[in-house]
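The shown structure was predicted, so the numbers you read here are calculated from the model rather than taken from an experiment.
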Amino acid sequence: MAFAIKTEVGDPQAKAFTFAAQKTMYGGKQIAAGDTVFVFASENEGGQGLIARGVVTSATAVAKKRGIARQTPRVSITIRCTARARRPLGRGELKPFTDWSDGLPATELNFKFYRQATNKIVGISDETAAFLDGFF
């Protein structure tokens, strides 16, 4: 399974990225070392959408805080960048894909990243991973 992360990216040209205590949804908590991950620089944080593809070099679950009943699982990850996006893909390009049942990769990304616009790590289908590979 491949993954995608949408978050604030301090240096989009970095050779490696470290993201601490990232929220996970849609299977994102299963991320592990060796997995492929697509990095989206969050537009809410001044980013431009898809910027890189990489390999997870470390993934550590963050312990839940005591005394809080409902908590979204969080993971800290480090990613080694393996490729830079050659074409844009962000909120603007994905916005038209709103038929949640059409099965299109662009719709999956719009649903998982932008229906609820919080930054997060998500699991993505093989079809969506292949679609994203076309941007590199």
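The salt bridge (charged side-chain N to carboxylate O under 4.0 Å, His left out) test applied to D99 returns no partner, not counting sequence neighbours. By the salt bridge (charged side-chain N to carboxylate O under 4.0 Å, His left out) test, R74 pairs with no residue at all, sequence neighbours left out. For Y114, there are no ring-ring contact (aromatic ring centres under 6.0 Å, His included) partners two or more places apart in sequence or in a different chain. Remark: A85 engages L50, F136 in a side-chain contact (heavy atoms from CB on, under 4.5 Å) (not counting sequence neighbours). Looking at residues two or more places apart in sequence or on another chain, you find a side-chain contact (heavy atoms from CB on, under 4.5 Å) between T18 and T78. Listed by chain and number, the residues in a side-chain contact (heavy atoms from CB on, under 4.5 Å) with A61 amount to none (sequence neighbours excluded). Take T107 and apply the side-chain contact (heavy atoms from CB on, under 4.5 Å) test, not counting sequence neighbours, and it matches F97, W100, D102, L104. Remark: F40 engages F113 in a ring-ring contact (aromatic ring centres under 6.0 Å, His included) (not counting sequence neighbours).
Looking at every heavy atom in both residues, C81 comes nearest to A14 through CB-O, 4.0 Å. Looking at every heavy atom in both residues, T57 comes nearest to A33 through O-CB, 3.8 Å. The two residues A32 and A59 come nearest to each other via the heavy atoms CA-CB, 4.0 Å. Residues G123 and F3 share a closest heavy-atom pair of CA-CD2, 3.6 Å.
Residues in residues 38-60 take part in these salt bridge (Lys or Arg N to Asp or Glu O under 4.0 Å) pairs, two or more places apart or across chains: R53-D133. Identified under the side-chain hydrogen bond (donor to acceptor under 3.5 Å, both in side chains) test for residues 33-42, with sequence neighbours left out: S42-N119. Pairs of residues two or more places apart, or lying in two chains, that qualify as salt bridge (Lys or Arg N to Asp or Glu O under 4.0 Å) and include a residue from residues 109-126 are E108-K112. Judged as a salt bridge (Lys or Arg N to Asp or Glu O under 4.0 Å), not a single pair has a partner in residues 1-17 (not counting sequence neighbours).
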### Task
Could you give me the CA-CA distance, side-chain angles and deciding distance for F135 and F38, then say whether ring pair (Phe, Tyr, Trp, His ring centres under 6.0 Å) is met?
CA-CA 10 Å; F135 288 82; F38 297 90; 9.4 Å; no
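Side-chain contact check for F17 versus I51: some heavy-atom pair is nearer than 4.5 Å. You'll find the side chain of I31 reaches within 4.5 Å of the side chain of I77, heavy atoms only. Under the 4.5 Å side-chain criterion, counting only non-hydrogen atoms from C-beta, R87 is not in contact with E93.
Both V122 and L132 are part of a single hydrophobic cluster, where members link through side-chain heavy atoms under 4.5 Å apart. Hydrophobic clustering (side-chain heavy atoms under 4.5 Å, transitive across Ile, Leu, Val, Met, Phe, Trp, Tyr) groups M1 together with V39. Hydrophobic clustering, with ILVMFWY side chains joined whenever heavy atoms are under 4.5 angstrom apart, keeps L89 apart from V9. Note on L94 and M25: same hydrophobic cluster, where clusters join Ile, Leu, Val, Met, Phe, Trp and Tyr whose side-chain heavy atoms are under 4.5 Å apart, directly or indirectly. No continuous path of ILVMFWY side-chain contacts below 4.5 Å connects I121 to F111, so the two sit in separate hydrophobic clusters.
Between the side chain of T24 and the backbone N or O of P73 there is at least one donor-acceptor pair closer than 3.5 Å.
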